[in-house]
Asker: 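The structure under discussion is supplied below as structure tokens; questions concerning it will follow.
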Amino acid sequence: MIEWLVPQASSYAASIDNLITLITVLVGFWFLVAQGVFFYFIFKYRERPGQKAQYITGEKKEEKKWISRPHNAVLVCDIVLIAMAIKVWVEVKQTMPPADAKVNVISQQWAWSFEHPGPDGKLGTEDDIRTGDELHVEVGKTYHFNLVSRDVLHSFSIPVFRLKQDAVPGRIIQGWFKPTKTGSFDIQCAEICGVGHGLMPGRIIIESPAAHAAWVAEQSQKKLASAKAP
Amino acid sequence: MSNAPHEEGWVKKYLWSTDHKIIGFQYLFTGMAMALLGGFFAYAFRMQLGFPGKSVPGYGLVSPNEYNALVTNHGTIMIFWFAMPVLIAAFGNFLIPLMIGCDDMVFPRLNRLSYQIFLLSAVILIASFFVPGGAFGGAWTAYPPLSAKHQYSLTPAGATFWLLAVALEFVAFLMGGINFVTTVMNSRAPGMKWHQIPVVIWMIVVASIVFMASVGPLVAGAVMLLFDQQFGTGFYDPVRGGDPILWQHLFWFFGHPEVYVVLLPAVGIVIDVIAVFARKKVFAYKTVLYTAFATGILSFFVWAHHQFVAGIDPRMANVFTATTVLISVPIAEMIFVTIATLYGGSIRLTTPMLWALAFVAEFLIGGVTGIYLGSSGSDIYFHDTYFVLAHFHYTFVPIAVIGSFAGVTYWFPKMFGKMLDEKLGKLHFWATIIPFNFIFIPLFITGAAGDHRRIHDYSRFPDLARADLQNLRAIATVATVAMLVAQVIFFYNFFKSMKSGKRAGNNPWNANTLEWSAASPPPHGNFEVLPTVYRGPYEYSAPGRESDFWPQDEPPDGETEPAQEAAE
């Protein structure tokens, strides 16, 4: 359902959206039944002159079933939901498929910076490309990210990926994503981080392999040029 | 004190009183005043969101740091200075002695002290807006390091004032809680067995126990945060071996049970009101109590669902998903019981009944949307979006606003001896309920579309700075203004009826519980003769009786008072 509002651009976006649809179906059913019965009772048992209410304790066995049966049915739905929620959670947060590339995500009051691998394809080497507020990735590749914060809590949120992870100072938090769609989309900070919390928008630019290679080449050219400059 | 005449002065009677009813009123009026302040804050920041960058009439321009301070204190006030004082302290103080049939709380002076500390805490919170640097703006959850270090929060005094106010509020409610639990344990009218206590009293007791058991760790956490702020300690500072996540655990270990602390009294009010106006016995009374106990116990094991993506061990999320989703079982059961109570009733749609029914209909929306957030997999997307905000407003507004109105309109005749105007009451009901839905249904949609919380202005986010989303934000803002304006009707009705409403008599609703056998309003000491209880609180429409109610203290048929006394 979320895909009607926000495009899906990661490998696990559909899993999360499907879970949300499943929840909608299950809780939607209970919601409509409960509201339906509720309003029907209000209408049916409205005050009528000369008619007394019934005396029902709800303590007898044949009365209690009206609570215990829906109780058990809710329990069954809950167990289904818990199982599906955990399945999606394990896929997104508890497993790390092998990485094709790595990026560093650095948050601070009030900006994002990103470290991309340079032409050698490896992170943590001389030719790394560092950008402010713009993350460039290649469609179809699995990325691992290292998320850090320099000051307070932030949260690395990319709605089109359905990805969200808080950044905690003093920790390096790892996660992954695999972009499946080219385009440029918002990166948000989803945890209040002070006065400039609304002033730290980022963009993720998901490129085709050729376009990404061109960007990497252009950036390393620039870097070389600026290094040569006196 | 000299040998003053028995007539008490105004100050002694209304400000320095140990009478539970007066203390209840003090909490009620302070809570309502704080709700107006919290509502005004909502007006200011909603105007900024609906019409960004425009000067807000009656406020002015909302700068980013003011925006943060407004949302932070709106949340803090509505939970700690509105929901808790009204639902627990005001109704607890007013109702407990009256409904269990005694003359006052067991610790009346502790009770007075509780309110005085509460008032002090409110003053400190309001004062935080006038200190250098302004009021704290790090959200009502006050996560460190933002809340712990002045160079991050930029509110050196405001953050500490905020924290002190919250800590003092906890102290006040600890005192109140001790009083409530002890009074219900010790001062029940002769004959009142545990299953003859009205549901609302049970709920307030369970809520008080849950509060007292959960708040301790947070008070300790607050002291550590205070030390971090003012003395440079490093409890939450990772550079010096501290851990910012520790605060989150302490905060939510209290913070989630807190939801049920305010929910349970509201449910109690609603069930009592529904029984009276459906003229029905509460369906499966004992089941209601068990669901309350189950909710209270389970509520201690769900807290980390606020922290799924906070950097906790991801395996932990699986445990907390299970506990969180399972708490839907007792809550759903409470709703089923409430609906089942309507079955076979003779339903009178009075103003209090409308509020009670609206609670069920609206809280259901809040309840089912919670499932999206308790499920770890979907919470990854929804966490910290307006979907969360809409969800908890669909729980807290039914609890704090709708539940309080149900209670105030129902017990108003007992509180002030006059009837509220029903026409104005119904007008106020619809003028509140309709805009309420127009505020938060749009916000479910903007949240699902990715609007993240506590953002002053979405124009810097190309995916969110869309006209369709901005229209929804504007609808929510207009509805907020409408809902706030509608409260004028309530206050007009409230004060006008207090002065010149129709006389209520002792028992205008033909209800069974003990408070209705006292005079309206009850005098100091409550009852002329302390009542004796012969039956449960919900013997409505009992077979073989002409009248459709049967007060708890009415001696059984064929028995006269002296015979009963002789039997004892």
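Proteins get letters first, then strands, A, B, ... in listed order; numbering begins at 1 in each.
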Asker: Does any pair with a residue in residues 356-367 of chain B pass side chain to side chain donor-acceptor pair (under 3.5 Å), and if so which ones, sequence neighbours excluded?
Answerer: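 Qualifying pairs: B:E362-B:N437.
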Asker: Of all heavy-atom pairs between B:R279 and A:A53, which one has the smallest distance, and what is that distance?
Answerer: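 Heavy atoms only, the tightest pair is O-CB, 3.2 Å.
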Asker: Measure distances from B:P330 to the heavy atoms of chain A and classify the residue's part below 4.5 Å as side chain, backbone, both or neither.
Answerer: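 Neither; nothing under 4.5 Å.
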Asker: With a 4.5 angstrom heavy-atom cut-off, could you sort out which part of B:Y67 is near chain A: side chain, backbone, both or neither?
Answerer: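 Contact with chain A is absent: no heavy atom of B:Y67 under 4.5 Å.
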Asker: Are side-chain heavy atoms of A:H154 and B:L146 found at a separation under 4.5 Å?
Answerer: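 The answer is no, as the side chains (C-beta and beyond) never meet within the 4.5 Å cut-off.
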Asker: Say you draw a straight line from NZ of B:K286 to OG1 of A:T57; how long is it, rounded to the nearest 0.5 Å?
Answerer: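 Interatomic distance, B:K286 NZ to A:T57 OG1, rounded to 0.5 Å: 10.0 Å.
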Asker: To the nearest 0.5 Å, what is the distance between CD1 on A:I23 and OG on B:S375?
Answerer: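 If we round to the nearest 0.5 Å, A:I23:CD1 and B:S375:OG are 3.5 Å apart.
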Asker: Is chain A contacted by the side chain of B:V325, its backbone, both, or neither, given a heavy-atom distance below 4.5 Å?
Answerer: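 Both parts, heavy atoms under 4.5 Å.
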Asker: Would you call the rings of B:H452 and A:H197 parallel, tilted or perpendicular if under 30° counts as parallel and over 60° as perpendicular?
Answerer: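 The arrangement is perpendicular - the two ring planes meet at more than 60°.
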Asker: Given salt bridge (charged side-chain N to carboxylate O under 4.0 Å, His left out), test A:R203 with B:D463 step by step and report yes or no.
Answerer: CA-CA 10 Å; A:R203 287 297 271 182; B:D463 297 351; 3.3 Å; yes
Asker: Between B:T323 and chain A, with a heavy-atom cut-off of 4.5 Å, which part of the residue counts as in contact: side chain, backbone, both or neither?
Answerer: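 Neither part.
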Asker: Heavy-atom cut-off 4.5 Å, strictly under: side chain, backbone, both or neither for B:L342 against chain A?
Answerer: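 The answer is both parts of B:L342.
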Asker: Quick one: closest heavy-atom pair of B:Y343 and A:Y45, and the distance?
Answerer: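 Looks like CE1-OH, 3.0 Å.
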Asker: Measure A:L199 against the heavy atoms of chain B and call it side chain, backbone, both or neither at under 4.5 Å.
Answerer: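 Answer is both: backbone and side chain atoms of A:L199 are under 4.5 Å from chain B.
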Asker: Check each atom of B:I335 against the heavy atoms of chain A and say whether the ones under 4.5 Å are side chain, backbone, both or neither.
Answerer: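 Neither part.
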Asker: To the nearest 0.5 Å, what is the distance between CG on A:L153 and CD1 on B:I245?
Answerer: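 Reported value, rounded in 0.5 Å steps: 6.0 Å.
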Asker: Need one label for B:P244: side chain, backbone, both or neither, based on atoms under 4.5 Å from any heavy atom in chain A.
Answerer: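 Side chain only.
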Asker: Please report the interatomic distance CD1(A:I192) to OG1(B:T141), rounded to the nearest 0.5 Å.
Answerer: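 Rounded to the nearest 0.5 Å, the CD1-OG1 separation comes to 7.5 Å.
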Asker: Would you name the heavy atoms of B:A361 and A:F39 that are closest together and state the gap between them?
Answerer: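 Heavy atoms of B:A361 and A:F39 come nearest at CB-CZ, 4.2 Å.
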Asker: If you take all heavy atoms of A:K164 and B:T385, which pair is closest and at what distance?
Answerer: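 That closest heavy-atom pairing would be NZ-CG2, 3.8 Å.
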Asker: When rounded to the nearest 0.5 angstrom, what distance separates CG in A:L81 from OG1 in B:T321?
Answerer: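 So the CG of A:L81 and the OG1 of B:T321 are separated by 10.5 Å.
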Asker: Could you check A:Q94 against B:N318 for side chain to side chain donor-acceptor pair (under 3.5 Å), going step by step and ending with a plain yes or no?
Answerer: CA-CA 10 Å; A:Q94 252 174 277; B:N318 302 328; 3.0 Å; yes
Asker: Under 4.5 Å, counting heavy-atom pairs only, tell me which of A:E63, A:M200, A:R48, A:K64 racks up the most with chain B.
Answerer: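 Ranked by contacts with chain B, first place is A:E63.
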Asker: Counting only heavy atoms closer than 4.5 Å, note whether B:R240 contacts chain A via side chain, backbone, both or neither.
Answerer: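 Contact with chain A involves no heavy atom of B:R240 at all.
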Asker: So that I can tick it off, tell me whether B:D243 and A:R171 are bridged by a salt bridge, with the cut-off set at under 4.0 angstrom between side-chain N and carboxylate O.
Answerer: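 A salt bridge links A:R171 with B:D243.
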Asker: Quick one: what part of B:Y285 sits under 4.5 Å from any heavy atom of chain A, side chain, backbone, both or neither?
Answerer: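 For B:Y285, heavy atoms of backbone and side chain both lie under 4.5 Å from chain A.
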Asker: With a 4.5 Å heavy-atom cut-off, do B:F308 and A:W89 have their side chains touching?
Answerer: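 They are in contact (side-chain heavy atoms under 4.5 Å apart), so the answer is yes.
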Asker: Can you tell me which portion of B:L469 sits under 4.5 Å from chain A's heavy atoms? Options are side chain, backbone, both or neither.
Answerer: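 Neither part.
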Asker: Which value, rounded to the nearest 0.5 Å, describes the distance between A:E47 atom CD and B:R348 atom CZ?
Answerer: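 It comes to 4.0 Å.
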Asker: Would you mind telling me which of A:K93, A:Q35, A:R46 has the largest number of heavy-atom pairs within less than 4.5 Å of chain B?
Answerer: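 Looking at each of A:K93, A:Q35, A:R46 in turn, A:Q35 comes out on top.
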Asker: I want to check something: taking the side chain as every heavy atom from C-beta on, are B:S328 and A:D78 in contact at a cut-off of under 4.5 Å?
Answerer: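 Of all side-chain heavy-atom pairs linking A:D78 with B:S328, at least one is under 4.5 Å.
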Asker: Decide yes or no for B:L364 and A:F38: does some side-chain heavy atom of the first lie under 4.5 Å from some side-chain heavy atom of the second?
Answerer: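 Side-chain contact under 4.5 Å: no.
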Asker: Take B:F382 and A:I2 through the test side-chain contact (heavy atoms from CB on, under 4.5 Å) and record every step on the way to the result.
Answerer: CA-CA 10 Å; B:F382 287 124; A:I2 300 300; 3.9 Å; yes
Asker: Write down the atom of A:G170, the atom of B:P238, and the distance for their closest heavy-atom approach.
Answerer: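 Minimum heavy-atom contact is CA-CB, 3.9 Å.
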Asker: With a 4.5 angstrom heavy-atom cut-off, is it the side chain or the backbone of B:T287 that approaches chain A, or both, or neither?
Answerer: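 Side chain only.
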Asker: Compare all side-chain heavy atoms of B:Y381 with those of A:D17 and state whether any distance is below 4.5 angstrom.
Answerer: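 B:Y381 does not reach A:D17 side chain to side chain.
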